[in-house]
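Read the structure below first, then the notes.
Counting convention: from 1, in listed order, for ligands and their atoms alike. Just so you know, residue 1 is the first one in the sequence shown, and it goes up from there. Quick note: numbers below take in every heavy atom, side chains included, and nothing from hydrogens, waters or symmetry partners.
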Amino acid sequence: MKNRELAKIFNELAEYLEMDGVRFKPYAYQKAALTLENLKDNVEDIYNHGGLKALKAIPGVGESIAQKIEEYLNTGKIEYYEEFRRKLPIDLDELIAVEGMGPKKAKVLFEKLGVTNLRELEEAARANRIAPLKGFGAKTEANILEGIEFLKKSTGRFLLGEALPLAEQVLAALRALPEVEQADMAGSLRRRKETIGDLDFLAVSSQPEKVMDFFVSRPEVVKVHGHGRTKSSVRLRQGLDMDLRVIPTESYGAALQYFSGSKEHNIALRQIAIDQGYKLNEYGLFDREERQVAGVTEEEIYAKLGLAWIPPELREDRGELAAAREGRLPRLIGYGDIKGDLHVHCNWNGGADSIEEIARAALALGYEYVGISDHTKFLRIEHGLDEEQLLARNREIDALNEKLHREGKKFIVLKGCEANIMNDGTIDITDEVLAQMDFVIAGVHSTFKMPRSEMMARLKAAMHNPHVDIISHPTGRILKRREEYEVNVAELLRLAHDTGTVLEINAYPERLDLCDTNIRAAKEAGVRMVINTDAHHIDQLRFMPYGISQARRGWAEKEDIINAWPVQKFITLLK
Ligand code: DGT
Ligand code: CA
Ligand code: CA
C-alpha cells in the first residue's frame with residue numbers, strides 16, 4: 001500500500017517541478033508514479049528483500065528516485081517533497097482536479113490571491129477576483145466555476161477501475177474464510193457501472209459473528225459505521241464505504257437479486273411478480289399463501305416469473321425484462337472474447353514500455369495480436385511521432401514480427417497510430433505515411449471547447465478521411481473531471497455508419513468512452529466498435545475488462561466488436 005502513497009507523492013513532485021518550469025524531471029517522476037501504481041509487488045517487500053539495489057531494478061526507477069523511496073520507507077517522508085510543500089502549502093491535488101486548472105495556474109492563484117484549496121478557489125472565482133489576473137480573464141474564470149460545479153456533481157462516487165480491484169481483494173479474502181460458504185459482490189459493482197457509490201457484499205455463513213469480525217477489522221478499514229450479526233458497514237482508507245450482509249441460504253438468491261439492483265430493475269421486476277400473484281422481496285418469492293416458491297438462486301426467481309436469467313450488467317430497466325420474457329436477450333460479448341488490443345502506446349512516445357515488452361505482455365494475456373498506436377506529432381507533450389519516426393518505428397515492428405515468427409509464435413504486432421484530428425478535421429500526418437499503417441486511429445486531443453456545429457464538421461472530415469479506421473474516445477469525456485465536448489451522438493453514429501468508421505470503447509478507467517448508453521445506440525445504428533485499453537504501461541493492458549463491462553451494459557455482442565473477431569476478418573474490414 002506504500003506503492004500508492006509514493007505514487008501520489010511522485011505525481012505531486014512532478015507537478016511542483018512543472019510549476020517551476022523544470023524540464024524532463026517531471027516526466028521521470030510521473031513515469032515512476034505510473035510504475036508504482038501498477039506494480040504487483042509491495043515496494044516495501046521489494047526493499048526489505050533486496051535493499052536499494054532491488055528498488056533500482058524496478059523499471060523507471062533510477063538512483064535518485066530509489067533513494068527517495070528508501071527515505072520514505074525509513075522515515076515516512078521525503079525531504080525534497082516537504083521542501084516544496086513548505087514553499088507552496090496548497091492542496092495541489094484538489095485544485096488541479098478542476099478542469100482548466102494546472103499546476104502553474106494554482107501557483108499564481110496562491111501567490112496573488114492566497115488560494116490554497118477548492119473552497120477558496122470557488123470563493124475567488126465567485127468574487128470575480130480571478131478574471132483581472134494576467135493570463136486568466138473572464139473566460140478562464142467561468143471555466144473554473146464550471147469545472148468546480150462538475151466536480152461537485154461527481155464527488156462521492158468512485159471509478160469502477162478504482163473500486164473493482166479493491167472489491168476483488170475483499171471478496172477473495174471473504175471466500176477464503178472457512179466460515180464462509182458463499183460470497184458475492186452485489187450493487188453497482190456487480191452491474192459494473194462506470195462509477196460506484198459504495199461496495200456491497202453478500203455472504204452465507206453459519207458463523208456470521210466471525211465473518212463480521214473479520215470484515216470490520218480488514219487493514220484498509222478506517223471507520224466502522226455499524227457492526228452487527230447480519231449487516232456491517234465500514235469506511236475504507238480510500239474514502240469509500242462497504243457493506244456486508246450475511247444471508248440465510250434459503251434467501252441467498254433473493255438477496256443477491258435484490259441487492260444487485262438496480263433499484264429501477266427491482267421495482268419493475270416486483271411489479272411483474274405482483275401481476276402474477278406473487279410477492280417478491282429480499283427474502284424470496286412468495287405465493288398468495290405466503291409460501292416461498294423461489295429464493296435460493298436468482299435463476300429460479302427469474303424462471304418462476306417466466307423470465308430468462310438476466311446478466312447483472314443489463315439490469316437497469318432499459319428493456320431487459322421484456323427481452324428476457326420474449327427470449328431475445330442479447331448474447332453478450334464475453335470477458336474472454338477479446339483477441340487483441342489496438343490502442344497501446346509504446347516508449348516511442350508517452351508510453352513506458354518497448355514494443356517487444358508490449359508484444360510479450362499481450363501474448364501472455366492470450367491475445368493473437370496487438371496494435372501499437374502512438375501519438376503523432378501535434379501532441380508534443382506526449383512526444384508525438386512525426387512521419388519519419390513513424391516509419392522508423394514501423395521497421396522496428398517488422399523486425400519484431402520476424403523474430404516472433406522465428407520463435408514459432410502465432411502472434412502479430414500491427415502498425416498503427418493515434419493521430420490528432422486538427423481543428424479543421426485534417427489529420428496531422430501525411431496521407432502517404434498513413435497509407436503505410438495497418439490501421440489508423442484518429443482522436444480529438446486539443447481544442448475541446450468548440451461549438452457543436454464546428455465539432456461535428458471536424459469529426460465528419462476526419463471520418464471521411466479514407467485512411468482513418470477508428471475514432472478514439474469519441475466524446476472526449478473524462479469521468480469526474482471533464483464533460484464531453486459538444487458532440488451530437490446521433491449524427492456521429494450516422495457518419496460512422498455511412499463511412500464504415502469504427503468507434504472506440506476506450507477501457508481506460510477515467511474514460512469508458514463510448515459509455516454504455518452510447519454503445520447501445522451505436523449497436524442499434526449498425527456501427528462497429530473496438531474495445532481498447534489506451535495503455536501507456538503494460539500493466540494497463542489489464543484495463544480491458546472495464547471496457548468489456550461497458551460493452552455488455554450497452555448490449556453489445558461479439559459481432560459488434562471487431563477485436564473479438566479473428567484477426568484476418570477484422571483486417572479486411574478496415575478501410
Ligand atoms: P451505488 O452504490 O450508488 O453505486 O449504487 P447501488 O446500485 O449499488 O445502490 P446501493 O448500494 O444504494 O444499493 C444496493 C442495491 O440495493 C441497489 O442496487 C438496489 C437495492 N436497493 C437499495 N435501495 C432500494 C430501494 O429503495 N428499492 C429497491 N427496490 N431496491 C433498493
Ligand atoms: Ca452500492
Ligand atoms: Ca450499499
Side-chain angles (χ1 to χ4, degrees), residues 152-171 174 183-203 211-212 215-216 218 220-228 230-236 238-247 251-276 278-286 294-295 298 301-302 305 307 309-318 320-321 479-480 509-510 512 515-517 546 549-550 552-553:
K152 281 189 185 160
K153 262 196 302 185
S154 51
T155 45
R157 297 196 66 81
F158 290 77
L159 302 178
L160 178 63
E162 298 168 333
L164 192 58
L166 273 172
E168 275 165 349
Q169 284 178 20
V170 174
L171 183 64
L174 283 174
D184 286 282
M185 294 179 200
S188 50
L189 262 179
R190 184 162 179 244
R191 305 196 313 278
R192 299 294 193 271
K193 237 182 113 165
E194 63 186 29
T195 62
I196 303 293
D198 71 348
L199 314 183
D200 301 288
F201 298 94
L202 302 181
V211 180
M212 291 304 191
F215 184 73
V216 302
R218 297 262 318 157
E220 63 272 23
V221 170
V222 289
K223 188 163 181 254
V224 178
H225 303 305
H227 180 179
T230 57
K231 186 187 171 188
S232 293
S233 176
V234 297
R235 164 74 45 92
L236 301 180
Q238 291 82 354
L240 72 176
D241 290 344
M242 63 177 190
D243 299 341
L244 172 64
R245 289 180 170 82
V246 174
I247 312 287
S251 292
Y252 192 69
L256 188 57
Q257 195 291 313
Y258 181 88
F259 291 109
S260 293
S262 66
K263 193 172 157 184
E264 292 74 16
H265 174 90
N266 286 356
I267 290 169
L269 187 66
R270 196 183 309 141
Q271 190 56 49
I272 291 175
I274 291 168
D275 292 346
Q276 298 182 22
Y278 293 114
K279 191 178 93 188
L280 176 65
N281 58 29
E282 65 260 53
Y283 305 104
L285 183 67
F286 301 89
E298 281 190 335
I301 295 172
Y302 284 104
L305 297 173
L307 305 169
W309 179 81
I310 300 173
E313 294 94 330
L314 298 183
R315 300 184 193 170
E316 297 291 347
D317 193 23
R318 293 177 183 158
E320 72 278 9
L321 287 161
L479 283 165
K480 302 178 70 173
E510 281 84 359
L512 302 181
C515 69
D516 54 4
T517 49
Y546 305 132
S549 63
Q550 301 315 295
R552 289 168 61 88
R553 288 177 56 83

Task: Residue pair Asp241 / Leu199, side-chain heavy-atom distance below 4.5 Å - done: no
Task: Contact bool for atom 12 (O) of ligand 1 (protein heavy atom, d < 4.0 Å) - done: no
TODO: May I ask you to identify the nearest protein heavy atom to atom 2 (O) of ligand 1, giving residue, atom name and distance to one decimal place in Å?
DONE: Asp198 OD1, 3.0 Å
Task: Check: His265/Glu320 side-chain N/O donor and acceptor closer than 3.5 Å - done: yes
Task: Distance-minimising heavy-atom pair for Ala273 and Leu285 - done: CB-CD1, 4.1 Å
TODO: Would you mind running through ligand 1 and noting each atom that sits below 4.0 Å from a heavy atom of Gly197?
DONE: 1 (P), 2 (O), 3 (O), 4 (O)
- [ ] Report yes or no: is the cationic atom of Lys480 (NZ for Lys, CZ for Arg) under 6.0 Å from the centre of the six-membered ring of Phe158, at an angle within 45° of the ring normal?
- [x] yes
Open item on the list: Under 4.0 Å, heavy-atom basis, I'd like to know which part of Asn266 is in contact with ligand 1: side chain, backbone, both or neither.
Closed with: side chain
Open item on the list: Please work out, at 4.0 Å between heavy atoms, whether the side chain, the backbone, both, or neither of Asp200 comes within that distance of ligand 1.
Closed with: side chain
- [ ] Select the closest option to atom 1 (P) of ligand 1 among Pro312, Gly187, Ala163, Ser188, judged by heavy-atom distance.
- [x] Ser188
TODO: Answer yes if a protein heavy atom lies under 4.0 Å from atom 9 (O) of ligand 1, otherwise answer no.
DONE: no
Task: Minimum-distance pair of heavy atoms, taken over all atoms of Ala268 and Leu321 - done: CB-CD1, 3.4 Å
Open item on the list: Going by side-chain contact (heavy atoms from CB on, under 4.5 Å), name the residues that satisfy it together with Ser260, two or more places apart in sequence or in a different chain.
Closed with: Ala186, Arg190, Leu256, Glu298, Arg315
TODO: Please write down residue, atom name and distance for the protein heavy atom closest to atom 17 (C) of ligand 1.
DONE: Gly261 CA, 3.9 Å
- [ ] Could you check atom 14 (C) of ligand 1 against the protein and tell me its nearest heavy-atom contact, residue, atom and distance included?
- [x] Phe259 O, 3.6 Å
Open item on the list: Do Lys279 and Ile274 make a side-chain contact, defined as non-hydrogen atoms from C-beta onward lying under 4.5 Å apart?
Closed with: no
Open item on the list: With a heavy-atom distance limit of 4.0 Å, tell me whether Ser260 approaches ligand 1 through its side chain, its backbone, both, or neither.
Closed with: backbone
Open item on the list: For atom 31 (C) of ligand 1, what is the closest protein heavy atom, and at what distance to 0.1 Å?
Closed with: Tyr258 OH, 3.5 Å
TODO: Please work out which of Arg270, Gln257, Arg191 has its closest non-hydrogen atom nearest to atom 7 (O) of ligand 1.
DONE: Arg191
- [ ] Only heavy atoms count here, so choose which of His265, Glu282, Lys263, Arg157 is nearest to atom 23 (N) of ligand 1.
- [x] Lys263
Open item on the list: So which atom in Glu162 and which in Pro165 form the shortest heavy-atom distance, rounded to 0.1 Å?
Closed with: O-CD, 3.5 Å
TODO: Report yes or no: is the cationic atom of Arg245 (NZ for Lys, CZ for Arg) under 6.0 Å from the centre of the six-membered ring of Phe259, at an angle within 45° of the ring normal?
DONE: yes
TODO: For Glu264, check salt bridge (Lys or Arg N to Asp or Glu O under 4.0 Å) against everything at least two apart and list the hits.
DONE: none
Task: Residues Arg192, Ser549; criterion side chain to side chain donor-acceptor pair (under 3.5 Å); working and verdict - done: CA-CA 6 Å; Arg192 299 294 193 271; Ser549 63; 5.5 Å; no
TODO: Name all residues meeting the side-chain contact (heavy atoms from CB on, under 4.5 Å) criterion together with Thr517; count only those two or more places apart in sequence or in a different chain, and write none if there are none.
DONE: Arg318, Cys515
Task: N, O or S atoms of the protein lying under 3.0 Å from the Ca ion (ligand 3) - done: Asp198 OD1, Asp198 OD2, Asp200 OD1, Asp243 OD2
